[in-house]
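Convention: sequence-line order gives letters A, B, ...; per-chain numbering from 1. Fair warning: this is a prediction, and the values are worked out from it, not measured in the lab.
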Amino acid sequence: MGISLRSRIYIVELLDKGEVGKEYTVAGWVDTVRAHGGIVFVVLRDRTGKIQLVVKKNVSKEAWKTAKNLTPESVIAARGTLVESKAALGGRELVVNELTVYSKADALPIDIKDHTKTILAKRLDWRFLDLRNPRNFLIFLIEAEMVRAAREWFYEHGFVEIFTSKIVGAATEGGAEVFSIVYFDKPAFLAQSPQLYKQMGVIAGFERVFEIGPAFRAEPHHTTRHLTEYTSLDLEMGFIDGFEDVMDAVEGVVRAMIRRVISTFGSRIKECFPDAILEEPKEIPRITIREAYKLLESAGIDVEWGEDLSSEGERKLGEIIEREYGSPMVFVTEYPWRARPFYTMKKSDDPEWTLSFDLLFRGLEIATGGQREHRYEVLVKQIEEKGLNPKNFEWYLNMFRFGAPPHGGAGIGLERVAMQLLGLGNIREARLLPRDPERLTP
RNA sequence: GCCGCGGUAGUAUAGCCUGGCCCAGUAUGCGGGCCUGUCAAGCCCGUGACCCGGGUUCAAAUCCCGGCCGCGGCGCCA
């Protein structure tokens, strides 16, 4: 007669609401098979959970024969009677009357039961199998929820979602670290940031814009916290009093993301990620980089005044803030002009420093932002100061000749937030299909 | 880009320093067998590997050179 998938019920639903004694159809992947002669236990997994199927020779010989030859990760459907069982996980199990195999799985190339048993590189080679592990799968449910929470926050706060081009022409903010692509007969690049375009959004009159999309960096990093392609949550807002307004926004979004993740997945995170943070930060301190230098110096770390913090410095600062303020996050403000891009607004009374900030989460930069220079003449001068040619920024500079409000914005690295929140050891875990200098597939 | 480390069965590792005791050990997987209440089932039997090329040596997984591949640290950045 065959099993109809139309009558399929999700496993959690069955465990929660199924009536004992009734017949149900479930379908999914074979999690484990334990054969004991005349009785075979099959744990079936779908995207909602797991249930134990009991396949007995004296209930259905045909199903029993099929069951004892099942391989892990094969796709099957089972029709059976729900029964109570003290022994079974979830307290209930399905006594199988009929079993269909849709797809028999070969022997697995990686250990999907325990992610620590296979090195990450190999797991990523077999990413689709790696994601059969609920822990790994969960990371992407979390990111989806984070993005959703962020998007909702943006909409609630009057931001307009924009979609800017990722194919860009020659002139970009830095010049280096971009991927070249062939665009018909012209040189072109992959956008390393929507920076200039989101400013355009503000100046065009949207006033507040955000974008969630890919950013490309051609830096040959070999670290556990860099990708050549990542998801950036960018925001830009006009008519601000100062960069504090931007920090407030960043704090608002990040809090919204973390709050949502904890409330939605808290208990599952606790099970899967022993190093995860399960509490929203209370107060996020804001310190100037000069205060950060001092804190590091008094902790015995060498710092160079007027330079960006080293990665060691950032890590240490994270520890110090955690200890002194009890916060996993800290805003470091007023970065030196020499360490910031041309569009950053300088501090008017002290132009060595800028109206900019980084947000550190457990000692790692997860966001960067600041107030942008909106005065045409000053902007031209700053481009020159950075050794760039204003002629190459003509279209950009034009935006500041026809009414540009004071504005600022920031970029937040999605994978970095996820990595630090969950306490992952490698950012590649937080990206579905990570790209790094070596990896281009799958 | 600079620096460091590493490539042994499907997977993860031991062995390498101090060459022979290694036709390579262990765990897990896989194949087979027994078993009607297992919980990553258990027990028994079996299967399967030294990245590629060159060199040194009586002898190379082990030492040397080259290549390929991978991992990490730094700089820089989200």
Can you give me every donor-acceptor pair (side chain of residues 270-284 of chain A, partner residue at least two apart or in another chain, under 3.5 Å) with its distance?
{"from": "Glu280(A)", "atom 1": "OE1", "to": "Arg259(A)", "atom 2": "NE", "distance (Å)": "3.0"}
{"from": "Glu280(A)", "atom 1": "OE2", "to": "Arg255(A)", "atom 2": "NH1", "distance (Å)": "2.9"}
{"from": "Glu280(A)", "atom 1": "OE2", "to": "Arg259(A)", "atom 2": "NH2", "distance (Å)": "3.4"}

Backbone N/O of [Y] and side chain of [X]: donor-acceptor pair under 3.5 Å:
X	Y	result
Thr228(A)	Arg435(A)	yes
Thr264(A)	Val261(A)	no
Arg79(A)	Glu23(A)	no
Glu385(A)	Phe342(A)	no

I'd like to know if Arg148(A) and Glu152(A) make a salt bridge, using a cut-off of under 4.0 Å between side-chain N and carboxylate O. yes
Do the charged groups of Lys166(A) and Glu211(A) touch, with an N to O distance under 4.0 Å? yes
Write down the distance separating the [atom1] atoms in [N] and [M], rounded off to the nearest Å.
N	M	atom1	answer
C77(B)	C16(B)	C1'	39 Å
G31(B)	G48(B)	P	15 Å
A14(B)	G7(B)	P	9 Å
U47(B)	U26(B)	C1'	16 Å

By salt bridge (charged side-chain N to carboxylate O under 4.0 Å, His left out), Arg123(A) pairs with (sequence neighbours left out) Asp130(A), Glu429(A)
Aromatic [Y] / basic [X] pairing, under 6.0 angstrom, 45° off normal:
X	Y	answer
Arg372(A)	Tyr343(A)	no
Lys68(A)	Trp64(A)	yes
Lys347(A)	Trp337(A)	no

Contact pattern, 5' to 3', of nucleotides 72-78 of chain B - B, S or - by protein heavy atom under 4.0 Å: BBBBBBB
Check every strand shown and say whether Pro72(A) touches a base, only sugar-phosphate, or nothing at a heavy-atom separation below 4.0 Å. sugar-phosphate
Give me the one residue out of Leu124(A), Asp125(A), Ile119(A), Leu129(A) that meets side-chain contact (heavy atoms from CB on, under 4.5 Å) with Ile110(A). Leu129(A)
Read 5' to 3' with Watson-Crick or G-U pairs under 3.5 Å, [ ] for crossing pairs and | for partners on another strand, RNA chain B gives (((((((..((((......[....))))((((((.......))))))...(((((..]....))))))))))))....
For [X] and [N], give me the distance from atom [atom1] to atom [atom2], rounded to whole Å.
X	N	atom1	atom2	value
His115(A)	A40(B)	NE2	C1'	15 Å
Asn69(A)	G32(B)	CG	C1'	12 Å
Lys68(A)	U38(B)	NZ	P	20 Å
Leu108(A)	U28(B)	CG	P	17 Å

Proximity to RNA chain B (any heavy atom under 4.0 Å), residues of residues 123-145 of chain A only: none
Filtered N/O pairs between nucleotides 34-36 of chain B and protein, under 3.5 Å:
{"from": "C35(B)", "atom 1": "N3", "to": "Gly37(A)", "atom 2": "N", "distance (Å)": "3.3"}
{"from": "U36(B)", "atom 1": "OP2", "to": "Gly38(A)", "atom 2": "N", "distance (Å)": "3.1"}
{"from": "U36(B)", "atom 1": "O4", "to": "Asn58(A)", "atom 2": "ND2", "distance (Å)": "3.0"}

At under 4.0 Å, does any side-chain N or O of Lys122(A) touch on OP1 or OP2 of U11(B)? yes
